[in-house]
Amino acid sequence: MTTTSFGTVLTCVDGRIQRPVADFLVTRFGVPYLDTVTRPGMIKHLTSSYDPATNAILTDLNTSLGLHGSTQIALVAHHDCVGNPVDDDIQRSQLQSSVDHFVRRYPGLIITGLWVGEKWTVEVFV
């Protein structure tokens, strides 16, 4: 559990996953507030060095880390993502790669990968 009041989540804009993810993370991170950075198909952007969306995402993330002192980051992928219309197994692979990338990029922070399944339940993936 962190002593800061904020955690940060990088997630898809899909409204079906917002509440379950927020409820899960407030409890898991032990914080009252979540900074939420959204992008359609978020997980496909997180390891690219050529995608212009990646820079915007990282700017938003760094704002959360710097101004709110967040020490925990959740990366979220989900079933039936229209922003990243690939097979669930591909998304899970993207999620694993993203978590590995963020662990290297942000040493000392807690990085959690979450998968939201077809019944909109949240599970820790990595």
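Residues take their numbers from the sequence shown, with the count starting at 1.
- Both Val103 and Leu61 sit in one connected hydrophobic cluster of ILVMFWY residues. Membership requires side-chain heavy atoms under 4.5 Å apart, directly or through other members.
- Rounding to the nearest 0.5 Å places CG of Leu65 at 6.0 Å from OH of Tyr106.
- Not a single donor-acceptor pair under 3.5 Å links the side chain of Thr54 to the backbone N or O of Tyr50.
- Other residues, nucleotides and ligands contribute only 12 or fewer heavy atoms inside 6.0 Å of the OH atom of Tyr33.
- When side chains are defined from C-beta on, Leu95 counts as touching Val99, because their heavy atoms get closer than 4.5 Å.
- In this structure, CG in Leu34 is found 5.5 Å from CG in Leu25, a value given to the nearest 0.5 Å.
- Taking every heavy atom of both residues into account, Asp35 and Ser64 meet most closely at OD2-OG, 2.7 Å.
- For the residue pair Ala56 and Arg39, the shortest heavy atom distance occurs at CB-NH2, 3.6 Å.
- In this structure the side chain of Thr112 reaches within 4.5 angstrom of the side chain of Phe29, judged on heavy atoms.
- Here CH2 of Trp115 is found 4.5 Å from CZ of Arg92. Values are rounded to the nearest 0.5 Å.
- The shortest side-chain heavy-atom distance between Val124 and Leu114 falls under the 4.5 Å cut-off.
- Going from atom CE of Met42 over to atom CG of Leu75 covers 8.5 Å, rounded to the nearest 0.5 Å.
- Contact of the Trp120 side chain with the His78 side chain is registered, since non-hydrogen atoms from C-beta on lie closer than 4.5 Å.
- Contact record, Ile17 with Val116: CG2-CG1, 3.7 Å, taken as the closest heavy-atom pair.
- The backbone N or O of Asp89 sits nowhere less than 3.5 Å from a side-chain atom of Ser93 that would complete a donor-acceptor pair.
- Taking each heavy atom of Val86 and Gln91 in turn, the nearest pair found is CG2-CG, 3.6 Å.
- Closest approach of His101 and Leu46 over heavy atoms only: CD2-O, 3.5 Å.
- Within the 4.5 Å cutoff, side-chain heavy atoms of Thr36 are placed close to those of Gln18.
- To the nearest 0.5 Å, atoms CG (Asn55) and NE2 (His45) are separated by 12.0 Å.
- Here the closest non-hydrogen pair linking Asp88 and Asp80 is OD1-N, 4.2 Å.
- By the rule that hydrophobic residues join a cluster once side-chain heavy atoms approach within less than 4.5 Å of another member, Leu58 and Val13 end up as members of separate clusters.
- Taking CD1 of Ile111 as the start and OG of Ser98 as the end, the distance is 11.0 Å to the nearest 0.5 Å.
- A 4.5 Å side-chain heavy-atom check between Phe24 and Val76 finds every atom pair outside the cut-off.
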